[in-house]
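Here the structure is laid out as structure tokens; the discussion comes afterwards.
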Amino acid sequence: MKYWLMKSEPESFSIDDLAKAPKKTTCWDGVRNYQARNFMRTMELGDQVFFYHSSADPPCIAGIAEVVKKAYPDHTALDPKDHHYDRKATPSNPIWEMVDIKLVRKLDAPVTLDDLRNVARLEKMELLRRGSRLSVQPVSAEEWKVICRLAEKKSKRPLQNTRPGF
DNA sequence: GCCAACGTTGGC
DNA sequence: GCCAACGTTGGC
């Protein structure tokens with residue numbers, strides 16, 4: 001099982017929106033970066049995801065989700081009226097793909113970007129790299145564990161409903 | 001709102 | 001293949 005971090009601006013789609021969604025599940029449409037897409041292509045069912053609020057106050061990991069559907073074509077790339085339309089995309093070559101993710105749990109106390117920066121073991125984390133903008137990125141097993149511990153500490157109670165591995 | 005960092009586009 | 005121009009991301 002692998003670990004990931006996916007960014008969303010809460011003004012467009014937040015952890016609460018995911019909680020309110022049917023089956024607490026959403027398709028992750030709109031990714032228009034090849035590296036991010038390639039990461040989604042390698043995702044497996046059950047992979048665990050940190051749901052990150054970008055351009056938020058404060059920026060933070062707001063919850064945990066998991067992959068419930070493997071990569072498939074992102075239809076919004078084919079719709080000229082859609083904001084994420086890409087004229088290079090065709091039905092036979094849709095170019096862009098998405099996965100479905102389901103909420104595992106919202107964090108009682110979000111782990112902020114500032115919190116993460118204060119952990120020496122997270123120094124190499126992609127999110128913390130200067131100028132990093134990747135919206136879908138891998139998280140190492142160690143990083144995952146460290147961040148889950150941090151989340152537990154902040155919430156003052158055990159993380160429930162998370163799979164073994166953190 | 002600012003702006004640094006980054007990815008993409010397109011002329012050459 | 002180079003690289004300037006442009007658009008976007010995302011923290012501050």
Side-chain angles (χ1 to χ4, degrees), chain A residues 2-21 26-43 47-67 71-101 103-140 142-144 146-151 153-155:
Chain A
K2 297 189 298 299
Y3 303 99
W4 307 95
L5 180 144
M6 296 166 92
K7 299 178 184 174
S8 180
E9 297 189 17
E11 285 201 10
S12 52
F13 193 82
S14 71
I15 193 84
D16 290 324
D17 292 325
L18 181 59
K20 282 181 284 193
T26 187
C27 61
W28 205 258
D29 61 0
V31 170
R32 296 293 178 268
N33 170 285
Y34 287 102
Q35 206 182 348
R37 180 204 65 183
N38 293 344
F39 281 132
M40 286 200 292
R41 281 179 168 171
T42 71
M43 289 183 180
D47 278 4
Q48 302 288 291
V49 178
F50 283 135
F51 192 110
Y52 181 81
H53 280 172
S54 61
S55 295
D57 187 21
C60 61
I61 293 171
I64 294 170
E66 69 178 3
V67 176
Y72 61 106
D74 179 348
H75 57 84
T76 64
L78 301 169
D79 178 0
K81 290 187 292 294
D82 195 281
H83 181 244
H84 294 293
Y85 174 65
D86 182 349
R87 62 193 169 83
K88 297 191 302 304
T90 64
S92 60
N93 181 23
I95 304 179
W96 303 111
E97 298 183 22
M98 58 191 178
V99 296
D100 286 359
I101 63 167
L103 182 68
V104 172
R105 66 167 292 147
K106 181 182 168 178
L107 296 182
D108 298 331
V111 176
T112 67
L113 183 58
D114 207 46
D115 292 333
L116 299 173
R117 288 223 165 93
N118 283 320
V119 181
R121 289 166 86 192
L122 298 178
E123 258 174 5
K124 301 240 176 75
M125 200 181 167
E126 169 66 24
L127 183 74
L128 305 184
R129 265 190 47 237
R130 176 182 160 79
S132 169
R133 303 187 313 178
L134 198 54
S135 67
V136 176
Q137 54 183 259
V139 171
S140 76
E142 198 207 345
E143 289 161 354
W144 182 271
V146 167
I147 293 167
C148 286
R149 292 277 175 271
L150 199 57
K153 208 162 96 183
K154 283 196 86 177
S155 72

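Residue numbers begin at 1 in each chain, while the letters A, B, ... track the order of the sequences.
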Could you please name the option among dT8(B), dC12(C), dG7(B) that lies closest to any side-chain atom of Tyr34(A)? dT8(B)
Selected nucleotide, minimal atom distance to Pro59(A) side chain, candidates dG7(B), dG11(C), dG10(C): dG11(C)
Is a donor-acceptor contact shorter than 3.5 angstrom present between the side chain of Arg32(A) and the base of dT8(C)? no
Can you figure out which of dT8(B), dC6(B), dG11(C) approaches the side chain of Arg129(A) most closely? dC6(B)
Could you check whether any side-chain N or O of Asp115(A) sits under 3.5 Å from a backbone N or O of Thr112(A), counting only pairs where one atom can act as donor and the other as acceptor? yes
Could you tell me the separation between the CG atom of Leu134(A) and the P atom of dT8(C), rounded to a whole number of Å? 18 Å
Between dT9(B), dT8(B), dC12(C), which nucleotide gets closest to the side-chain atoms of Lys88(A)? dT9(B)
Are the side chains of Ile61(A) and Tyr52(A) in contact, using a 4.5 Å heavy-atom criterion? yes
Taken to the nearest whole Å, CZ/Arg133(A) to P/dG10(C) is 7 Å
Under 3.5 Å: donor-acceptor pair, side chain of Ser155(A), backbone of Asp108(A): no
Quick one: Asp86(A) CG to dG7(B) P, roughly how many Å, whole number? 17 Å
Would you say the side-chain atoms of Arg121(A) and Ser140(A) include a donor-acceptor pair closer than 3.5 Å? no
Rounded to whole angstrom units, what separation is found between the CD atom of Glu126(A) and the C1' atom of dG11(C)? 15 Å
Between dG7(C) (C1') and Arg87(A) (CZ): distance, integer Å: 14 Å
Whole angstroms only, please: what is the OH-P distance between Tyr52(A) and dT9(C)? 15 Å
Determine, for Lys106(A) against Asp16(A), whether the closest basic-nitrogen to carboxylate-oxygen distance falls under 4.0 angstrom. yes
Of the listed nucleotides dC12(C), dG10(C), dT8(C), the one nearest the side chain of Lys7(A): dG10(C)
Send over the distance from Asn33(A) CG to dG7(C) P, rounded to a whole Å. 18 Å
What is the separation between atom CG on Asp57(A) and atom P on dG11(C), rounded to the nearest whole Å? 11 Å
